[in-house]
Amino acid sequence: MVLTLGRRNDTSAPSQTAVAPSDYTGQFQPRCNFKEQFAYYGHAVNHLENFEKLQVTQHQRQIPRGLTLSQKSSPTDQTSESANSKLSWVRYRFDLALSRGTSVVIAWLAVLTLIIILIAALFLTIFQLKGINGEPNQLGLIENYWLSMTRVLDPGTFSGESGWPTRFIMLLVTLSGVFIAGSLIGLIANSVDQKVDELQRGRSSVQENDHTIILGWSPRVPSIVSELILANESRKKAAVVILADVDKTEIEEQLRESIDDFKTTRLVARRGEPWVAGDLSMVNISKARSVIVVSDGTDTNTIKTLLAIRSVRGQSSAKLPIIAEISERSNAASLKNLLGNEIVAVSSDEIVAELTAQACRQRGLSTVFRELLDFDGDELYFAPFQQFVGQSYQSVLMSFEKCAVFGVMHTGSIVELNPARDYVIVDGDEILALAEDDSLFIPSTSPIKGNVLAGTPTAIDNRPRRIVVAGWSDLGPRVLSELDEFLDSRTTIELLLDPALVNVAELRNQLSTSNVTLEISELSGGPEIVAARAAERSFHEVIVLGYRNAMSETDADARTLLTLIAFNQVRQSDEVGPVRIVAELLDQRNTSLADSTGVDDFVVSDELTSLMLAQLSERAELGLVFDDLFDHSRCSIELRPVSNYGAENAQTFGDVVMSASAVGQTAIGYRVAATGQVVTNPAKSERLALTANDEIIVVADGVLLA
């Protein structure tokens, strides 16, 4: 029977059918009013009820008398359905066991194998069968069990049986061994393969203690690991654990290509997303000594990773220094306020921009910072010395033969660089010094002598200056901002930009200065054309930036090196004086090539950031020192002429330290002009023979303009 809901062709009985206002199409017709719809669907429901009653009546006519609807199934059918239900349940449980992994399957197969062996042993014992291995005597249950098990493990042993019943039973045992025990062995081998594959993929848990964790991956990671290896030389069982969403094998290969000798440091790599709590728990972060979060160019993943660290650690009271690389300065303050003082935020672009701006006015400054930041040579240390309480800062300067003191950390982690020479050390102060090793950061047995020499301060050059910036990248606006902060209107900065590599019109709308005069010029062509254009007017400093946003790092560095050679060939009048050239390199491996171009300073972006991240992971309190040194409004590292301190007449470096202290500065080394060699932390009693062209490295308040 087919029931059709719709308009009836029979119009003789309108009372029996509610007619829809339009042909029924199975969809609601919005043209109907509510009453018409109610009548139409109500009549349809009546038809359905009548249809169901008719179907039930016809079905009942087919059922023999005496049977009800519930008795229509036979007992055989019910038994079959019950058996099928049990079989489905067994299959379901078996599928669940397989889904739990190979270990469960191995356990089930092992149990099944042992049961078969036990049944065979019981059968042999109960029926007193003989002839196992040709033995004429009946054996006990344990012996039968053992011999049955040997047939499972070695199918060839059942050939020595005698008597057909015994042979038949042992054949069954052997066949079960071939299928079941063979499957068991195969599963065990597969499980081992899976475990090896898991280890190769880097998904197993780390059981290291007191290890350094690096979260994320970037080209800076090999440099960071290299510095940590140097820092861990005094530790016998040091470990560096890397967690990144990069193949474990790829991480290990890149590190082995960059680092020849891992010395006492063990490298452990794991693959995972650092901002996922489950992956983060693999590296045993609760037992780590420090954590370095490497940026991938944006702060989004860095912030997510820091929140994941907080989630995994919970309310742990253990101190864990966390060094996070960020891009935006505003995010640094927010992270410290939200996540506490354990977070040390490092803005890589800000550091490189500040150093580039400072290096363009002082030759050798980047080399000095490299000496301060790396672990190869002298390092920065804090230490309390109770014997200095009540003594002046100047007397402390001369109390260390092979340590260059240049600051104090007060109670509450307040760092003061280059304090006044008459400042008196109080209880709770810690001395900040540059030393070759912490074991050598000890006072001399007797005060070191030094003389104050008469110096001649260098007059500040008030003539107009011109700085040429060749090339552009995301670093450019920061460098320009830093220069604009400590230079005045006598300085003109000219940008020479290739319109094929950068949108010059957009930059004109975005860039502005408050103090210096800014000129933006479009110039197409190679490095020699850029240098020739710059030489049309006298210039005093050159900053070469890599076009990192328009080409690969390799191509950008190649163009930078060619530009350095071109500028080195430019000749200017003697009135201008020597030109300072500072270049940004993206790949640390190109530094040796830059040396041959005659560049005064080169700033390797990845290297500087890597050095600072590694230093802070070992001593997070050094972040306060770097904040001071990279802020031109506070203390800065300066290279000043020896004549400022009369150092050309100094007999020892102790004389230089005393002379610098007399004018409110702290001397920590010198630079030899003839060779460009930078010497930090020389011995106070070291004999000197400085020339008028050499420079003294000092820590001074504010920026001293050349």
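The closest side-chain donor-acceptor pair between S685 and E401 falls under 3.5 angstrom. Side chain to side chain, R687 and Q651 meet the donor-acceptor criterion of an N or O pair below 3.5 Å. In this model, a donor atom of one side chain and an acceptor atom of the other lie less than 3.5 Å apart for E638 and S636. A donor and an acceptor atom, one from each side chain of N232 and T264, are nowhere located under 3.5 Å apart.
Every pair passing ring-ring contact (aromatic ring centres under 6.0 Å, His included) that includes a residue from residues 437-466 is listed here, sequence neighbours excluded: F385-F441, F400-F441.
Judged purely by atom type and a 3.5 angstrom limit, E541 has no side-chain atom pairing as donor or acceptor with the backbone of I467.
Every residue was checked against the salt bridge (charged side-chain N to carboxylate O under 4.0 Å, His left out) condition with D299, not counting sequence neighbours, and none meets it. Take Y670 and apply the ring-ring contact (aromatic ring centres under 6.0 Å, His included) test, not counting sequence neighbours, and it matches no residue. Partners of E648 by salt bridge (charged side-chain N to carboxylate O under 4.0 Å, His left out), not counting sequence neighbours: none found. Partners of T691 according to the side-chain hydrogen bond (donor to acceptor under 3.5 Å, both in side chains) rule, which considers only residues two or more places apart in sequence or in another chain, are D694. Residues forming a salt bridge (charged side-chain N to carboxylate O under 4.0 Å, His left out) with K263 (at least two apart in sequence, or on another chain): E233. Residues satisfying the salt bridge (charged side-chain N to carboxylate O under 4.0 Å, His left out) test with E482, not counting sequence neighbours, are none. Applying the side-chain hydrogen bond (donor to acceptor under 3.5 Å, both in side chains) rule to T212 yields no partners; only residues at least two apart in sequence or on another chain are considered. Scanning for side-chain hydrogen bond (donor to acceptor under 3.5 Å, both in side chains) contacts around D484 gives an empty result, with sequence neighbours left out.
Of the residues N418, L417, I637, the one that meets the side chain to side chain contact (heavy atoms under 4.5 Å, CB included) test with F406 is L417.
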Check: residues 425-432 side-chain donor-acceptor pairs under 3.5 Å, at least two apart:
| from | atom 1 | to | atom 2 | distance (Å) |
| --- | --- | --- | --- | --- |
| D429 | OD1 | H410 | ND1 | 3.0 |
| D429 | OD2 | Y423 | OH | 2.6 |
| D429 | OD2 | V426 | N | 3.1 |

For residues 373-384, run the donor-acceptor check on the side chains, cut-off 3.5 Å, and write out each pair with its distance to 0.1 Å, sequence neighbours left out.
| from | atom 1 | to | atom 2 | distance (Å) |
| --- | --- | --- | --- | --- |
| D378 | OD1 | E436 | N | 3.3 |
| D378 | OD1 | N681 | ND2 | 3.4 |
| D378 | OD2 | T680 | OG1 | 3.4 |
| E379 | OE1 | Y381 | OH | 3.2 |
| Y381 | OH | D438 | N | 3.4 |

Mind listing the side-chain donor-acceptor pairs of residues 470-480 below 3.5 Å, one per line with the distance, residues two or more places apart or on another chain?
| from | atom 1 | to | atom 2 | distance (Å) |
| --- | --- | --- | --- | --- |
| S473 | OG | L475 | N | 3.2 |
| D474 | OD2 | N549 | ND2 | 3.2 |
| R478 | NH2 | S327 | O | 2.8 |

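Residues F626 and V346 are not in side-chain contact: their nearest non-hydrogen atoms beyond the backbone lie 4.5 Å or more apart. Using a 4.5 Å heavy-atom threshold, the side chains of V679 and E371 count as separate. With contacts defined as side-chain heavy-atom distances shorter than 4.5 Å, the pair I242/V225 qualifies. The shortest distance between side-chain heavy atoms of T609 and E325 falls below 4.5 Å. The side-chain heavy atoms of L593 and D557, taken from C-beta on, include no pair separated by under 4.5 Å.
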